[in-house]
Amino acid sequence: QAKERIYIPLISKGFQHQFWQAVKLGAEKAAKEFDVDITFEGPESESQVDKQIDMLQAALSKKPKAIALAALDSKAVIPLLEQAKAAGIPVIGFDSGVDSDIPVTTAATNNVAAAALAADKMAELIGYQGEVAVIVHDQTSRTGIDRRDGFVNRIKQKYPKIKIVDIQYGGGDHLKSTDLAKAIIMAHPNLKGFFGANEGSAIGVINAVTEMNMKGKIVVIGYDSGKQQIAAIRSGLMAGAITQNPIGIGYEAVKAAVMAIKGQKLPKVIDTGFFWYDKTNIDSPQIKPLLYD
Amino acid sequence: MGEVLVLMEGIEKTFPGVHALSQCQFELRAGEVHALVGENGAGKSTLVKVLTGVYTKDAGRIFYKGKEVEIPNPRVAQELGISIIHQELNLMPHLTVAQNIFIGREPRRGIRFLLNEKEINQKTKQLLDMIHLDLDPRTKVADLTVAKQQMVEIAKALSYNSEVLIMDEPTSALSDAETQELFRIIRQLRDKGVGIIYISHRLEELKQISDRVTVMRDGRYIDTVRTQDVTIDKIISMMVGREIYETSRANPENASQEVVLEVKNLNRGRVIKNVSFNLKRGEILGFAGLMGAGRTEVARAIFGADPIDSGEIYVKGKKVDIKSPRDAVKCGIGYLSEDRKRYGLMLGMDVETNIVLATIEKFLGFLGWVNKARVRAEAQSHVDELRIKTPGLQQKVKYLSGGNQQKVVIGKWLARDCEILIFDEPTRGIDVGAKSEIYKLLNDLAESGKSIIMISSELPEILRMSHRIAVMCEGRITGELSASEATQERIMQYATMRENRENDARYSSVSVPDATALGG
Amino acid sequence: MESRPVTVKDKAILEDRAKDKAVLRRSLFRSDATQKILAFASLIVMFVVFSLASPNFAKFNNIIGILLATAVNGVLAVGVTFVIITGGIDLSVGTVMTFASVMTGVFITFWKLPIIIGVLGGVAAGALCGFINGSITAKMKIPPFIATLGMMMIAKGLSLVISGTRPIYFIDTPVFSKIAMGSVLGIPNAVLVFFGAAIIASLILTKTVLGRYTFALGSNEEAARLSGINVDAWKIAIYTLGGIFSGLAGVMMASRLNSAQPALGQGYELEAIAAVVIGGTSLSGGEGTILGTVIGAFIMSVLTNGLRILSIPQEWQTVVIGVIVIAAVYADIIRRRGQ
Amino acid sequence: MESRPVTVKDKAILEDRAKDKAVLRRSLFRSDATQKILAFASLIVMFVVFSLASPNFAKFNNIIGILLATAVNGVLAVGVTFVIITGGIDLSVGTVMTFASVMTGVFITFWKLPIIIGVLGGVAAGALCGFINGSITAKMKIPPFIATLGMMMIAKGLSLVISGTRPIYFIDTPVFSKIAMGSVLGIPNAVLVFFGAAIIASLILTKTVLGRYTFALGSNEEAARLSGINVDAWKIAIYTLGGIFSGLAGVMMASRLNSAQPALGQGYELEAIAAVVIGGTSLSGGEGTILGTVIGAFIMSVLTNGLRILSIPQEWQTVVIGVIVIAAVYADIIRRRGQ
Ligand SMILES: Nc1ncnc2c1ncn2[C@@H]1O[C@H](COP(=O)(O)OP(=O)(O)OP(=O)(O)O)[C@@H](O)[C@H]1O
Ligand SMILES: Nc1ncnc2c1ncn2[C@@H]1O[C@H](COP(=O)(O)OP(=O)(O)OP(=O)(O)O)[C@@H](O)[C@H]1O
Ligand SMILES: [Mg+2]
Ligand SMILES: [Mg+2]
């Protein structure tokens with residue numbers, strides 16, 4: 001009788017976006033390496049907390065050996081996590097933490113610290129003073145809030161001469177973010193810096209700067225990677241960006257799940273890290289593997 | 001009479017719950033006007049719809065000029081040379097008259113897709129001139145009165161130059177003058193060898209226009225006779241298979257002098273000008289006038305369906321402020337509109353719901369709970385009383401024939417038990433049998449103390465039913481006649497009493513057509 | 001009637017009476033009940049297929065999961081059924097639901113009011129939105145599509161404003177989450193609430209004046225007005241009722257998530273409307289049933305769940321659901337035509 | 001005409017003639033042109049208000065920004081105008097647009113076909129979706145709301161499947177981005193394409209058979225059928241035309257973003273429909289103009305842009321837009337009533 005294959009569902013925060021596809025890539029890599037089956041799914045937008053719960057519920061029905069979860073709202077999933085615990089299914093957190101001690105470990109980026117790093121870089125690049133605007137993908141999702149607050153709070157605390165003139169939300173939609181960024185640039189002619197808090201937002205800012213011929217006049221800082229962002233950094237349109245390690249997140253999540261199934265001990269947090277990259281280090285061996293396009 | 005154009009035999013058609021046609025036959029020859037008569041629901045419309053490809057027959061054969069044909073859709077019928085004016089108006093209200101007439105065969109210009117608007121407007125103008133209808137081809141159909149819309153339908157059917165022309169109750173919305181105009185056209189066509197199928201409930205028209213008459217009853221063929229060989233009474237008895245109720249002339253003396261409704265100086269824009277009249281208990285007050293005289297407007301204004309500019313309404317001596325139909329119904333006024341499909345019926349709902357619609361509040365329990373048994377009993381009693389022909393209370397009204405639909409609307413107001421009833425063209429599109437039942441009903445209602453305003457464009461009907469007659473012209477009441485003094489001539493005199501001096505001068509010599517020409 | 005010889009007409013009447021009986025029999029057979037049983041059949045087929053395809057599908061826990069996943073959308077769909085039967089539409093149900101859950105959060109967590117007040121307050125917030133929808137539609141004569149599209153945006157914006165764009169948690173009131181997640185005999189309360197709401201809605205629709213007028217407005221509004229019905233008032237009442245159901249859905253959602261999520265909601269209206277239409281209610285108004293809507297909601301969620309259990313890639317799930325939505329409505333149309 | 005005595009009929013005709021003249025006068029006064037000028041006026045008012053509120057609003061660059069922001073949604077709205085005039089609706093325009101842009105990406109980037117083929121292919125992909133919408137609606141008698149809701153999901157899923165859930169970039173074909181972003185006299189091509197599309201659409205709607213039947217179907221489909229029009233075929237043609245415009249929007253979108261973004265698109269349909277209705281086209285069919293739609297689309301984007309320029313918090317922007325959508329339609333209703 002063949003041994004039943006290990007199955008691990010990954011419930012993510014999304015599936016359509018580049019970032020999540022990169023996480024999935026990492027997860028698949030680990031799945032191959034450890035010879036397990038995985039599925040990867042997430043709701044269409046990061047506001048759909050209830051949809052994620054339905055997905056989690058369906059995943060639990062499949063009686064997996066372990067489950068990996070990037071919780072949209074960590075408090076809302078607690079009843080289901082308890083259900084998993086009762087059924088003896090280990091839970092691995094990924095991407096961001098869950099306010100509970102049920103997950104055996106969490107492979108995550110510290111988004112607040114990452115965005116704060118973006119703020120430091122911004123301050124440096126604009127000479128510690130002037131007007132700065134921010135486009136965030138989402139007003140209510142954890143990643144959106146963390147990146148916005150990480151950036152804004154760091155500026156407020158450390159750089160009193162920098163003024164954040166506008167924060168708007170483009171839903172991660174490239175086109176909407178473009179029009180949004182253009183309006184912000186129009187409204188604030190003295191804008192010196194612009195931070196786009198995820199890929200779609202960052203691309204929107206780049207498009208706006210290009211369309212309005214403001215290249216070189218506005219310092220653009222992005223987040224995550226992707227072909228267009230990488231190209232913009234190479235061409236100098238974008239000063240640099242923060243990258244997480246999405247492939248690493250996916251990989252570590254699956255790896256941790258396998259270890260948990262085997263009963264091995266795991267650290268409470270697996271910090272997958274974040275990095276600043278720009279023209280100078282984009283091809284370095286340290287950065288290159290973190291980027292996707 | 002010429003060759004046989006159309007021959008139908010053994011036609012069968014069943015709808016859910018209704019065997020509409022069984023073993024029907026029909027023959028039409030070139031150059032004849034062949035009338036098709038029968039009670040409401042006899043299957044007349046169904047038969048001609050089978051012939052024009054609107055419905056597909058279940059069984060039977062159709063021959064066209066001797067060759068057997070299948071007619072699966074309207075286009076095929078058109079191509080064969082069969083055109084039809086449907087009983088119900090089939091126009092596109094957002095399009096102009098010309099656009100409606102030439103829909104589906106627009107002249108093109110340039111590459112085949114561009115429309116030639118100028119050409120259709122010109123052609124339409126010619127067509128309208130031919131039937132003496134003075135309309136701008138660019139008028140939107142929605143802006144026309146029902147009568148005008150009916151004339152547009154006729155113009156459209158004529159424009160096909162078909163060899164077979166079917167008219168399903170073309171005159172139900174027309175004034176007498178327009179009817180005469182239509183007959184003139186029909187005769188012209190007949191003389192050119194066109195075969196015409198003419199469906200009507202105005203049996204007096206048959207003598208004027210038809211060569212042969214085919215009678216149908218309950219979806220079955222009864223007989224075909226030459227018009228000149230039979231009397232109207234004979235046709236009627238073939239149609240209904242029984243004698244029908246005939247009123248003697250309504251009694252000119254009205255028992256009561258108690259005024260239940262008084263209208264003073266009603267005004268609404270240009271369509272109602274200073275209208276004042278009163279209505280007494282147990283009285284039938286006829287409202288006569290030409291098309292567009294404003295009778296419907298007055299009725300709607302009293303009923304609160306349209307806002308008024310000024311005027312006072314008293315019900316039983318008490319001044320009332322009617323702002324909506326709801327207020328009117330509360331004052332005990334009921335209104336039966338002239339366009340039952342648009343304003344009277346919930347076509348998609350069943351007979352029961354339609355009948356109790358205005359009354360349902362009487363059958364409510366706790367929290368608005370509807371007492372179904374009582375509702376059903378109420379509805380059933382009106383179905384029986386009015387002899388509404390329906391497979392059951394749950395039948396959707398849209399599947400009833402026109403006459404039975406009208407009875408359902410009447411049932412609604414009878415259920416409501418209103419003191420004052422306004423009947424706007426209550427017998428439009430209704431067969432003789434049903435008509436006489438409705439007359440009897442009106443008389444019974446009046447006798448039982450209800451007060452009735454009856455708007456009608458059929459003068460014989462007005463004369464026969466009314467205790468008193470008010471005549472309108474251009475939004476004014478131009479005269480009032482008691483039953484004994486009323487004649488068709490006098491009514492027409494008042495009905496054409498125009499305000500405009502210039503018009504008066506120009507037309508003072510106009511002779512009022514005599515009663516027979518008016519279809520009396 | 002006076003006595004008179006039997007005439008041809010009388011015979012015809014007698015004949016008719018016999019005919020009527022046959023018709024009645026036939027129309028009993030094609031009654032709504034039968035039709036819904038047939039619709040139910042397609043749900044069963046779906047169920048059997050998924051059960052055969054995956055051993056995990058028909059497990060108790062998964063069934064409960066499906067029921068739970070249906071509950072909120074089901075309540076929304078039940079509410080919007082009324083509006084659709086009047087020939088209207090309500091695009092605001094999703095964000096009004098969110099608004100109601102935010103208001104519940106405000107009452108319970110911010111203002112520390114008793115839970116029952118919070119629940120009623122949430123439902124009342126939904127009712128208020130429905131009332132405004134109805135008033136705009138009835139009094140200002142704005143097409144419901146636009147009126148409720150506007151309300152959709154307004155409710156969405158206000159939810160964010162009021163909550164400060166942050167979820168409101170019901171941490172201090174653990175009982176609150178029992179409203180949806182407590183259970184009776186293993187069946188979660190949310191499911192029971194859904195069934196209860198559906199039964200009440202069905203009674204309202206078929207047994208009360210409000211129900212009759214709902215159909216009447218959808219069938220011919222002008223005729224209803226000319227029959228002396230206060231069309232505007234009833235229309236407002238019906239939209240308000242729809243709002244009450246959205247409010248209830250909002251409370252259930254809040255309880256299920258143990259939090260009011262202010263960014264949720266948009267997109268739910270299409271799911272709810274799809275459920276209604278799959279259930280055989282016509283978008284042109286005048287006909288529809290609550291049972292149909294409930295079945296429609298289940299078809300949607302069984303499908304979603306089944307495809308997930310089968311681990312179909314998510315993008316393909318979307319395609320399959322799109323196809324099935326069309327197929328389900330087509331099946332309904334064929335069924336009716338056949339009768 | 002034979003000579004005959006003047007009859008009552010003639011009098012009636014004379015009376016009617018006077019009436020007709022009045023109608024003519026009235027209809028000239030409330031002609032479409034006048035109405036649209038009035039609608040345009042409210043756009044102007046909005047413009048003036050924003051210009052006064054912020055000095056940055058009326059700058060050339062911002063105007064161009066508004067024009068660009070209108071282009072894609074405007075083309076979608078123009079396409080859906082046809083469908084709405086037939087009394088239908090198209091919920092799939094947003095995701096069909098995405099599908100078309102993905103297909104353009106497949107043709108140009110994956111298959112290395114010439115750009116012109118890619119563009120035509122993208123438009124054809126949109127047309128195909130429209131064709132399917134039309135066929136489902138016309139032949140299977142499925143209500144357009146459901147048919148296009150299904151298509152919305154199918155197009156969304158397929159876009160993700162085909163693109164492998166990854167954007168497709170047009171990196172190797174820099175010329176492609178010129179389609180939208182090149183400019184003539186400072187006006188971006190996307191804007192010119194939008195205006196061109198609107199003019200062509202307007203001609204089709206008012207001067208061709210297709211346009212005539214679009215109105216005819218919306219006004220009274222049954223009457224059109226009884227007049228021998230092949231209703232099904234024309235309906236399919238009209239939905240296909242709508243699909244062509246969605247396809248065009250997809251190509252413009254791809255060109256502007258220099259990439260096909262497969263996850264975009266849902267939600268655009270409501271914006272497009274809102275623009276159409278704000279522009280005075282009735283959702284019940286039978287009437288509407290392209291100029292109105294264009295103005296409606298501008299009202300939406302001027303509003304969005306203006307509020308952004310004023311740095312109004314986004315949640316309040318949503319509320320304001322909701323209110324204005326309702327107000328704009330109400331203004332239109334009042335205007336008509338006044339006439
Ligand atoms: N589409 C339909 N579905 C079901 N029943 C129908 C349909 N059309 C007609 N009927 C039924 O068929 C029978 C014949 O109707 P039809 O309209 O032909 O009568 P008619 O002779 O034209 O009557 P009227 O003089 O009132 O117009 C009626 O009982 C009617 O209810
Ligand atoms: N809905 C409407 N919109 C514009 N004008 C109307 C409308 N209904 C009626 N009218 C006009 O109001 C006037 C009075 O029409 P009304 O229908 O009251 O006449 P009527 O005497 O009842 O004639 P009919 O025999 O045609 O019913 C006419 O000039 C008519 O064209
Ligand atoms: Mg008939
Ligand atoms: Mg009238």
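Hydrogens, waters and symmetry mates play no part in the numbers below; they use all other heavy atoms, side chains included. Quick note on labels: first sequence line is chain A, next is B, and so on, each numbered from 1. Note that the structure is a prediction, hence the values are computed from the model and not measured.
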So which of [options] has the largest heavy-atom pair count under 4.5 angstrom toward chain A?
options	value
C/M181, C/E271, C/Q266	C/E271
C/T318, C/N258, C/V72, C/I309	C/I309
C/S311, C/G65, C/P313	C/S311

Inset, instruction - Using a 4.5 Å cut-off on heavy atoms from C-beta on, say whether the side chain of C/L264 contacts that of A/D50. - result: yes
Inset, instruction - Answer yes or no: is there a side-chain heavy-atom contact under 4.5 Å between A/L72 and C/Q261? - result: no
Legend entry - With C/S246 via side chain to side chain contact (heavy atoms under 4.5 Å, CB included) - residues at least two apart: C/L76, C/V93, C/V96
Region of [X] in contact with chain A, defined by heavy-atom distances below 4.5 Å:
X	answer
C/Y268	side chain
C/I171	side chain
C/E315	both

Mind checking the [atom1]-[atom2] spacing from [X] to [Y]? Nearest 0.5 Å is all I need.
X	Y	atom1	atom2	value
A/K62	C/N61	NZ	CG	14.5 Å
C/Q314	A/S12	CD	OG	8.0 Å
A/Y169	C/L160	OH	CG	9.5 Å
A/E41	C/L307	CD	CG	10.5 Å
A/D54	C/N305	CG	CG	8.5 Å

Option in [options] with maximal non-hydrogen atom pairs under 4.5 Å from chain C:
options	result
A/P79, A/S61, A/A58	A/S61
A/L60, A/T39, A/D73, A/I145	A/D73
A/E44, A/K75, A/K63, A/Q139	A/K75
A/E46, A/Q48, A/M55, A/Q57	A/M55

Legend entry - A/K13, NZ atom: more than 12 neighbouring heavy atoms under 6.0 Å: yes
Inset, instruction - Report, as yes or no, whether the 6.0 Å neighbourhood of atom NZ on A/K85 holds more than 12 heavy atoms from other residues, nucleotides or ligands. - result: no
Inset, instruction - Measure A/Y7 against the heavy atoms of chain C and call it side chain, backbone, both or neither at under 4.5 Å. - result: side chain
